[in-house]
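Predicted model, so just to flag it, every value in this text is computed and none were measured. Atoms considered below: every heavy atom in the structure, side chains included; atoms not considered: hydrogens, waters and symmetry mates. Chain naming here is simple, since letters A, B, ... match the order of the sequence lines and numbering starts at 1 in each.
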Amino acid sequence: MKAATDFISFLAASFSRHRCFSSSPPSALSSSLPWISPLRLSKAALPKPDPPPEATTASVERKRKYISHESAINLIKRERDPQHALEIFNMVEEQNGFNHNCATYATILDKLARSKKFQAVDAVLLQMTYETCKFHEGIFLNLMKHFSKCSMHERVLEMFCTIQTVVREKPSLKAISTCLNLLVESKQIDLTQKFLLHLRKRLKFKPNTCIFNILVKHHCKNKDLELALQVVNEMKSSRISYPNLITYSTLMGGLCESGRLKEAIELFEEMVSKDQVLPDALTYNVLINGFCHAGKLDRARKILVFMRNNGCNPTIFNYSTLMNGFCKESRLLEAMEVFDEMKSFGLKPDTVSYTTLINCFCRAGKIDEATKLLEEMKERECRADTVTFNVLLGGLCREGRFEEALGMLEKLPRDGVYLNKASYRIVLNFLCQKGELSKAMELLFLMLGRRFLPHSLLQMSCWFALARLDWQLMQLQRCLDWWIWGLSQNLNHGFICWN
DNA sequence: TTAGGGTTAG
């Protein structure tokens with residue numbers, strides 16, 4: 001870290017005589033200012049800096065500290081503040097003979113996108129169009145993922161279209177499948193159709209099995225099994241994109257989800273006997289899940305035996321799926337048996353397996369047993385996550401053990417456990433349902449102190465008014481005033497999380 | 001991390 005600070009001071013000092021392109025002076029490395037991209041368009045488009053001074057000790061020192069591309073990348077990666085990272089990016093370019101390349105652009109874009117500084121991302125992308133160096137499409141695939149994560153789906157498509165203009169090559173099959181999969185995964189039906197139309201009209205390409213598989217998933221997600229089957233039939237008529245294990249597993253999953261279990265089994269048999277494709281643990285899991293959802297738990301359990309007999313060892317995924325099936329049917333004893341069986345075969349339960357069983361106990365009202373399992377997780381160095389604690393919080397509340405739930409909410413973040421908005425929502429909903437209004441108030445203060453705003457604020461105020469709890473109503477009003485004041489001061493904007 | 005599986009809440 002010290003090296004990075006020295007480097008910034010050194011560049012800031014050497015920069016003071018040059019034109020400044022930043023929104024703030026380079027010496028004032030503050031992130032509190034509003035974000036304005038400090039990028040310039042291109043070296044050529046701008047006036048040349050002052051001529052270099054005569055060789056002095058300082059300039060010799062500068063030469064000695066020449067920053068290579070590799071060092072620049074490391075400095076940008078290590079820098080936490082995206083604005084500082086961008087300043088480093090700009091500053092290194094001022095060194096004589098230094099031109100950014102694909103790797104430095106990829107690094108700064110990743111840093112900015114991770115920090116959601118999308119205006120700055122746009123400025124960097126604009127600068128790239130003036131560069132002569134060769135870019136790789138990987139930069140755009142990475143940006144597509146960031147945009148998708150932030151639900152900026154139009155921009156995913158836009159990044160795909162940018163590949164051809166900036167990379168000056170047709171997007172690869174990998175780029176097509178990445179874009180298509182991101183749109184399908186985020187259930188962007190219209191954009192997916194738009195993209196498919198674009199592919200058909202503009203890019204004459206032959207889809208491979210991977211792309212067809214994403215299409216099968218797309219139709220399964222839309223519950224349009226007939227279209228999914230049509231795609232698989234089309235695949236069968238092609239040599240280069242014949243259905244594989246993933247195709248069959250996806251389609252079987254779609255059929256199971258639509259309650260067409262019989263067809264899913266027929267497909268499984270066709271896959272094994274006709275196409276001689278061997279199922280793996282993942283394929284079996286689709287069937288186990290299907291049987292569980294159809295309430296056929298004993299058949300689901302028999303699949304584990306079938307797997308072993310056919311040379312496929314069940315995984316913790318298979319066991320957790322089955323345990324969850326038993327849990328949903330309130331068959332706690334069998335869920336515990338499955339858990340023990342998993343351990344007896346030498347499998348180490350993970351966080352999800354433990355959480356599944358803890359949920360079984362909580363649903364059965366056996367909170368103390370659930371807490372014991374939490375202890376066992378600690379002993380076995382299996383880290384409980386937010387979901388584990390949310391399951392426990394729900395269990396405690398269902399049993400009316402509100403003090404313990406509130407205690408957990410208060411204490412866990414202090415012990416370094418991350419809680420999310422669901423954690424607070426679970427407890428607050430129970431408190432409101434059970435009319436525990438003073439405890440709800442207590443939780444509300446805790447939440448506001450942690451910058452979580454409950455979704456049920458209005459609902460709470462109605463309850464308080466109906467119960468003639470004037471003091472609580474007044475407190476609630478004060479909370480709202482405080483929050484609105486925070487907004488007007490721009491203090492909490494962007495930090496408050498609606499629960 | 002170019003395509004398929006298990007846990008909470010809503």
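Every residue two or more places apart in sequence or in another chain that forms a salt bridge (charged side-chain N to carboxylate O under 4.0 Å, His left out) with Asp368(A) is listed here: Arg401(A). For Phe147(A), the ring-ring contact (aromatic ring centres under 6.0 Å, His included) partners are Phe118(A), not counting sequence neighbours. Listed by chain and residue number, Asp110(A) satisfy the side chain to side chain donor-acceptor pair (under 3.5 Å) test with His146(A) (two or more places apart in sequence, or in another chain). For His136(A), there are no ring-ring contact (aromatic ring centres under 6.0 Å, His included) partners at least two apart in sequence or on another chain. Qualifying ring-ring contact (aromatic ring centres under 6.0 Å, His included) partners for His100(A), counting only residues two or more places apart in sequence or in other chains: Phe89(A), Phe98(A), Tyr105(A). Listed by chain and residue number, Tyr284(A) satisfy the ring-ring contact (aromatic ring centres under 6.0 Å, His included) test with Phe268(A) (two or more places apart in sequence, or in another chain).
If you check distances only, the side chain of Asn244(A) does reach the base of dA3(B) with a donor-acceptor pair under 3.5 Å. For Thr250(A) against dG4(B), a side-chain-to-base donor-acceptor contact under 3.5 Å is absent. Residue side chain Asp280(A) reaches the base of dG4(B) through a donor-acceptor N/O pair under 3.5 Å, judged by distance alone. Between the side chain of Ser320(A) and the base of dG6(B), at least one donor-acceptor pair of N or O atoms lies under 3.5 Å. A donor N or O paired with an acceptor N or O is found under 3.5 Å between the base of dG4(B) and the side-chain atoms of Thr283(A).
Of all the residues in residues 170-182 of chain A, Lys174(A), Ser177(A), Thr178(A), Asn181(A) reach under 4.0 Å from DNA chain B with at least one non-hydrogen atom. Near DNA chain B, meaning a heavy atom under 4.0 Å away, there are no residues from residues 365-372 of chain A. Of the residues in residues 285-304 of chain A, those lying under 4.0 Å from DNA chain B by heavy-atom distance are Asn285(A), Asn289(A). Contacts between residues 329-363 of chain A and DNA chain B, defined by a heavy-atom separation below 4.0 Å, involve Asp350(A), Val352(A), Ser353(A), Thr355(A), Thr356(A), Asn359(A), Arg363(A), listed by number. Residues from residues 398-408 of chain A lying near DNA chain B, meaning a heavy-atom separation below 4.0 Å, are absent.
Here the C1' atom of nucleotide dT1(B) and the CG atom of Asp110(A) are 12 Å apart, to the nearest Å. Phe140(A) has its CZ atom 17 Å from the P atom of dT2(B), to the nearest Å. Rounded to whole angstrom, the span from the NZ atom of Lys421(A) across to the C1' atom of dT8(B) amounts to 14 Å. Rounded to an integer number of Å, the gap from Leu251(A) CG to dG5(B) P is 13 Å. Atom-to-atom, CG of Leu322(A) to C1' of dG5(B) comes out at 14 Å; the value is rounded to the nearest Å. Taking atom CG of residue Leu255(A) and atom C1' of nucleotide dG5(B), one finds them 16 Å apart after rounding to whole Å. Summarising the geometry, the separation between CZ on Phe452(A) and P on dA9(B) is reported as 18 Å, rounded to the nearest angstrom. Here dT8(B) presents its C1' atom at 13 Å from CG of Leu419(A), a figure rounded to the nearest Å.
A donor atom on one side chain and an acceptor atom on the other are not found under 3.5 Å apart for Asn222(A) and Lys187(A). For the 3.5 Å distance criterion, the side chains of Thr321(A) and Asn318(A) fail to qualify, holding no donor opposite an acceptor. Side-chain polar atoms of Asn324(A) and Asn289(A) form no donor-acceptor pair below 3.5 angstrom. No side-chain N or O of Asn208(A) forms a donor-acceptor pair with one of Ser241(A) less than 3.5 Å apart. If you check the side chains of Asp385(A) and Tyr418(A), you find no donor sitting under 3.5 Å from an acceptor. No side-chain donor-acceptor contact under 3.5 Å links Thr162(A) and Thr165(A).
Remark: His293(A) NE2 is loosely packed, at most 12 non-hydrogen atoms of other residues, nucleotides or ligands lying under 6.0 Å away.
When Asp350(A), Thr355(A), Thr351(A) are each tested for a side chain to side chain donor-acceptor pair (under 3.5 Å) with Ser353(A), only one passes: Asp350(A). Evaluated for a ring-ring contact (aromatic ring centres under 6.0 Å, His included) with Phe339(A), the options Phe361(A), Tyr354(A), Tyr319(A) yield exactly one hit, Tyr354(A).
A donor-acceptor contact shorter than 3.5 Å is absent between the side chain of Asp415(A) and the backbone of Leu412(A).
Within 4.0 Å of Glu257(A), counting heavy atoms only, lies no atom of the nucleic acid at all. Across all strands, Leu393(A) comes closer than 4.0 Å to no nucleic acid atom at all (heavy-atom distances). Counting any heavy atom pair closer than 4.0 Å across all strands shown, Thr315(A) reaches a base atom.
The listed nucleotides are dG4(B), dA3(B), dT2(B); the one nearest the side chain of Leu282(A) is dG4(B). The nucleotide whose nearest atom lies closest to any side-chain atom of Asn213(A) is, among dA3(B), dG10(B), dG6(B), dA3(B).
The existence of a salt bridge linking Glu266(A) and Arg260(A) is excluded, since no basic side-chain nitrogen approaches an acidic carboxylate oxygen closer than 4.0 Å.
Using a 4.0 Å cut-off, some side-chain N or O of Lys328(A) falls inside it from OP1 or OP2 of dT8(B). Regarding contacts with the backbone of dA9(B), every side-chain N or O of Asn390(A) stays at 4.0 angstrom or more from both OP1 and OP2. Note on Lys217(A): a side-chain N or O is less than 4.0 Å away from OP1 or OP2 of dG4(B).
Within the structure, the ring-ring contact (aromatic ring centres under 6.0 Å, His included) test picks out the following pairs touching residues 149-183 of chain A (sequence neighbours left out): Phe160(A)-Phe195(A).
Separation of the P atoms belonging to dT1(B) and dG5(B) is 12 Å when rounded to the nearest angstrom.
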